[in-house]
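So the structure is just underneath, and the comments pick up after that.
Convention: sequence-line order gives letters A, B, ...; per-chain numbering from 1. The model shown is predicted, which means the values in this text are computed figures rather than measured ones.
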Amino acid sequence: MTIRLYNTMTRRVEEFQPRNPPRVNLYTCGPTVYNYAHIGNLRTYVFEDVLVRALKLAGFDVKRVMNVTDVGHLVSDADEGEDKMEKGARREGKTIHEIARHYYDAFVADMHRLNLLPPEQWCWATDEIDAQKAQVEALAEKGFTYVIEDGIYFDTSKFPDYGRLAGQNLADLKAGARIEPAAGKKNPTDFAVWKFSPKGQQRLMEWDNPCGIPGKGFPGWHIECSAMAIKYLGEYLDIHCGGVDHVKVHHSNEIAQAEGALGHAWCRWWMHGEFLTMPKDDGGGKMSKSSGEFLTLEVLIRNLRDMGFTAEKDFNDSDAALSYRYFLLNAHYRQQLTFTWNGLAAAANAYRNLKAAVLNSKRQTDASKMQTLNSFMDAFREAVLDDLNMPRALAVMWSVANEKNNDGKYATLLEMDNVLGLGMKEMKTIPLPWREDEIRQDMKERDKARKARDFARADAIRDKYERENIKLVDQPNGFVSFDSTGGAVLHIYTPRQDEDRPPPGTASVDESKDADIPPC
RNA sequence: GGCGGCGUAGCCAAGUGGACUAAGGCGACGGAUUGCAAAUCCGUUAUUCGUGGGUUCAAAUCCCACCGCCGCCUCCA
């Protein structure tokens with residue numbers, strides 16, 4: 001199977017081939033842990049997660065490295081500016097390490113809730129200062145750097161290919177520049193690979209300068225990614241990902257540093273996730289983490305709860321998070337997406353309906369019928385492997401969900417969910433609170449009572465189940481479903497008139513909700 | 001000012017020259033079903049793809065102009 005992916009470097013969708021198949025070396029820019037990730041950040045990680053899953057679907061063996069930035073990035077590119085980590089620490093009256101740990105943990109919690117596969121390797125910027133200094137020294141030796149008052153800078157005019165990723169040359173960048181270059185820089189695009197600690201000021205985090213320069217300092221804004229990527233994935237990288245905003249500066253600089261230090265081409269494939277933006281009447285534009293005004297996953301979950309997507313409606317916090325994942329999957333990753341509460345609610349409804357369809361197919365499937373439906377899987381793979389066209393893939397999944405014939409349906413839906421990551425497999429079969437024959441007896445009796453128009457008796461039985469948080473749902477085909485008002489859905493086929501119909505022994509339920517369901 | 005993207009039904013969104021007489025979802029409406037309730041099922045919901053020209057046997061898809069929206073050029077996903 002081949003996978004076609006858009007490459008920012010060539011501006012085209014191309015067939016992807018790693019350098020040493022089936023291995024894929026993947027580096028994804030991670031979070032700066034000075035605050036919570038916002039839902040715009042999270043969009044990029046969802047895109048990267050889908051990429052990893054799609055590469056696996058195509059038969060590749062992915063090794064993914066993700067960094068945690070816990071040092072060094074300043075608030076602005078100008079000479080002034082605070083270190084975000086130090087600012088965060090001061091804001092919260094904690095040590096930098098505490099801050100980093102707290103927001104890293106929060107980030108990992110978000111990843112769990114969104115069903116994001118963890119990277120094979122995490123790396124922390126402050127653990128890898130030596131590698132960064134080594135890269136600075138390698139660049140200095142090869143004559144790519146110059147030293148000015150506040151730091152060691154990369155001379156972009158020495159790297160003829162600079163700006164290729166952004167599709168711009170030095171002259172274009174100069175012409176379009178809105179801000180004055182920092183004092184002492186030779187070119188507007190030059191950037192610091194190492195910054196010296198300000199004179200007479202003790203930074204919370206600083207290290208001995210590289211290149212034998214006396215005094216202390218800290219790594220430049222971009223050096224950690226290129227240094228760590230090379231350390232953990234070697235001199236050749238297959239894919240490097242990040243948000244679109246990284247194209248012009250961060251990734252262009254990384255290329256200059258890595259290729260400058262290595263002396264050869266470095267990463268072949270560059271992929272970027274588009275922005276999530278806010279509607280005009282709601283602040284407008286993209287979300288900015290540094291401005292402090294942004295939406296977190298936590299807020300999304302809380303609001304979905306407030307919108308009524310809980311209790312009555314077979315919905316819990318985990319579903320709320322995955323509804324956001326569904327919301328994102330419904331748009332292509334290279335397309336800007338505007339976040340709206342109505343849009344999220346629509347996604348939550350759709351997600352709930354899709355889950356119900358999966359549960360329905362599950363309860364009608366016996367374990368021996370777990371083959372997948374090839375024609376649907378083919379269409380699904382075609383969509384996924386065509387530059388991660390998840391909206392199309394989702395449409396294929398829906399066509400399976402709406403399929404009348406149940407054979408192979410459940411297995412196919414689960415197979416698709418390996419890529420979509422919507423938590424369908426987590427829905428497990430658990431025992432009902434009563435013995436099966438007792439339930440069947442109840443259902444028969446209730447049915448008789450209803451036929452005799454003895455609704456008091458019928459409702460008494462319904463109440464018995466309601467007390468256990470299970471709602472009985474009559475269906476026109478003569479079956480009864482169980483639906484829990486506590487957030488779970490139990491479905492069981494119980495014959496109303498035709499007693500020959502075999503009732504399955506168990507009900508399907510989302511395991512994450514079984515707190516609501518008393519065990520047998 | 002420079003660069004890039006987008007504009008498809010009430011909403012989200014795929015499709016980027018010919019099987020599009022335009023996927024899928026949400027919502028809405030109509031019907032079936034129903035003791036009640038809810039759910040479920042069936043059906044309907046763009047003769048048209050921002051507007052105006054042009055190219056072509058053929059355009060939502062290519063070209064030009066115009067209108068509108070967004071992003072990047074500053075840390076940023």
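The 5' end of RNA chain B is approached more closely, in terms of each residue's nearest nucleotide, by A:A347 than by the other of A:A347 and A:A458. Mapping A:V396 and A:G343 onto RNA chain B via the closest heavy atom, the residue that lands nearer the 5' end is A:G343.
Spacing of C1' atoms, B:A23 relative to B:U45, comes out at 16 Å, to the nearest Å. With C1' as the reference atom, B:C72 and B:A77 are 14 Å apart, rounded to whole Å. Rounded to a whole angstrom, the distance from the P atom of B:C49 to that of B:U61 is 9 Å. Spacing between B:U21 and B:G25 at atom C1', rounded to whole Å, works out to 22 Å. The same atom, P, is picked in B:U51 and in B:C11; the two are 14 Å apart, to the nearest Å. With both ends at atom C1', the span from B:G4 to B:A39 equals 48 Å, rounded to whole Å. Between B:A19 and B:G2, the distance separating the two P atoms is 39 Å to the nearest Å. Taking atom P in both B:A65 and B:G5, the straight-line distance is 15 Å, to the nearest Å.
The one candidate from A:N330, A:L420, A:N115 that meets the side-chain contact (heavy atoms from CB on, under 4.5 Å) condition with A:R325 is A:N115. Exactly one residue among A:T156, A:T189, A:N253 makes a side-chain hydrogen bond (donor to acceptor under 3.5 Å, both in side chains) with A:Y162. That residue is A:N253. Checked against A:H272 for a side-chain hydrogen bond (donor to acceptor under 3.5 Å, both in side chains), the options A:H246, A:H240, A:H251 give a single hit: A:H251.
Distances from the side chain of A:D245 to the nucleotides B:G35, B:G27, B:A77 place B:A77 closest. Ranking B:C41, B:A13, B:A77 by closeness to the A:N41 side chain, first place goes to B:A77. Each of B:C36, B:G25, B:C76 was ranked by its minimum atom distance to the side chain of A:H246; first place goes to B:C76. In the set B:A77, B:G35, B:G71, the nucleotide with an atom closest to the side chain of A:T44 is B:A77. Side-chain atoms of A:P391 lie closest to B:A14 of the nucleotides B:C36, B:A14, B:C12. The side chain of A:Y45 lies closest to B:A77, out of B:C41, B:C12, B:A77. For A:R446, the side-chain atoms get nearest to B:C36 when compared with the rest of B:C6, B:C26, B:C36. Taking the side chain of A:A331 as heavy atoms from C-beta on, and the options B:C41, B:A13, B:C26, the nearest nucleotide is B:A13. When each of B:G35, B:A77, B:C26 is scored by its nearest atom to the side-chain atoms of A:L276, the top-ranked nucleotide is B:A77.
In this pair, A:F154 and A:F159 present their aromatic rings perpendicular. The plane angle is above 60°, beyond the 30 to 60° band.
Protein atom CD of A:E274 is 6 Å distant from nucleotide atom C1' of B:G71, rounded to whole Å. At whole-Å resolution of the value, CE in A:M390 and P in B:C12 are 21 Å apart. Here B:A77 presents its C1' atom at 12 Å from CG of A:L328, a figure rounded to the nearest Å. Rounded to an integer number of Å, the gap from A:M278 CE to B:C69 C1' is 17 Å. A straight line from CZ of A:R352 to P of B:A38 spans 14 Å, rounded to a whole angstrom. Rounded to an integer number of Å, the gap from CG of A:L394 to P of B:A23 is 17 Å. What separates CZ of A:R334 from C1' of B:G71 is a distance of 15 Å, to the nearest Å. Here the P atom of nucleotide B:C12 and the NE2 atom of A:H332 are 19 Å apart, to the nearest Å.
Heavy atoms of A:Y326 sit under 4.0 angstrom from primed sugar atoms or phosphate atoms, though from no base atom. Using a 4.0 Å heavy-atom criterion, one finds that A:L337 contacts the sugar-phosphate atoms exclusively. Counting non-hydrogen atoms under 4.0 angstrom, A:G273 reaches nothing in the nucleic acid. When heavy atoms are screened at a 4.0 angstrom cut-off, A:N330 is found touching base atoms of the nucleic acid. Counting any heavy atom pair closer than 4.0 Å across all strands shown, A:Q335 reaches sugar-phosphate atoms only and no base atom. Backbone-only engagement by A:A346 is indicated by non-hydrogen atom pairs under 4.0 Å involving sugar-phosphate atoms exclusively. Contacts of A:D454 with the nucleic acid, taken as non-hydrogen atoms under 4.0 Å apart, are absent.
Phosphate proximity of B:G2 to A:K248: absent, as no side-chain N or O sits under 4.0 Å from OP1 or OP2. A close approach under 4.0 Å does occur between a side-chain nitrogen or oxygen of A:N353 and OP1 or OP2 of B:C26.
Under the Watson-Crick and G-U wobble criteria, each requiring two contacts below 3.5 Å, nucleotide B:U61 is left unpaired. The base-pairing partner of B:U33, taking Watson-Crick or G-U wobble contacts with both distances under 3.5 Å, does not exist among the strands shown. With a 3.5 Å ceiling on both atom-pair distances, the Watson-Crick or G-U wobble partner of B:C69 is B:G5.
Judged by distance alone, with hydrogens and angles left aside, A:R462 brings a side-chain donor or acceptor within reach of the base of B:C36, the pair sitting under 3.5 Å. The base of B:G15 is not paired with the side chain of A:N389 by any donor and acceptor separated by under 3.5 Å. In this model, a side-chain donor or acceptor of A:D459 finds a partner on the base of B:G35 within 3.5 Å.
Checked by atom type, the side-chain pair A:Y333/A:D387 shows a donor-acceptor distance below 3.5 Å. Side-chain atoms of A:N67 and A:Y27 include a donor-acceptor pair closer than 3.5 Å.
Between the CG atom of A:L297 and the CG atom of A:L114 there is a distance of 5.0 Å, given to the nearest 0.5 Å.
A centroid separation of 6.0 Å or more is found between the aromatic rings of A:F47 and A:H332. Aromatic rings of A:F191 and A:Y153 (six-membered ring for Trp) have centroids beyond the 6.0 Å cut-off, not under it.
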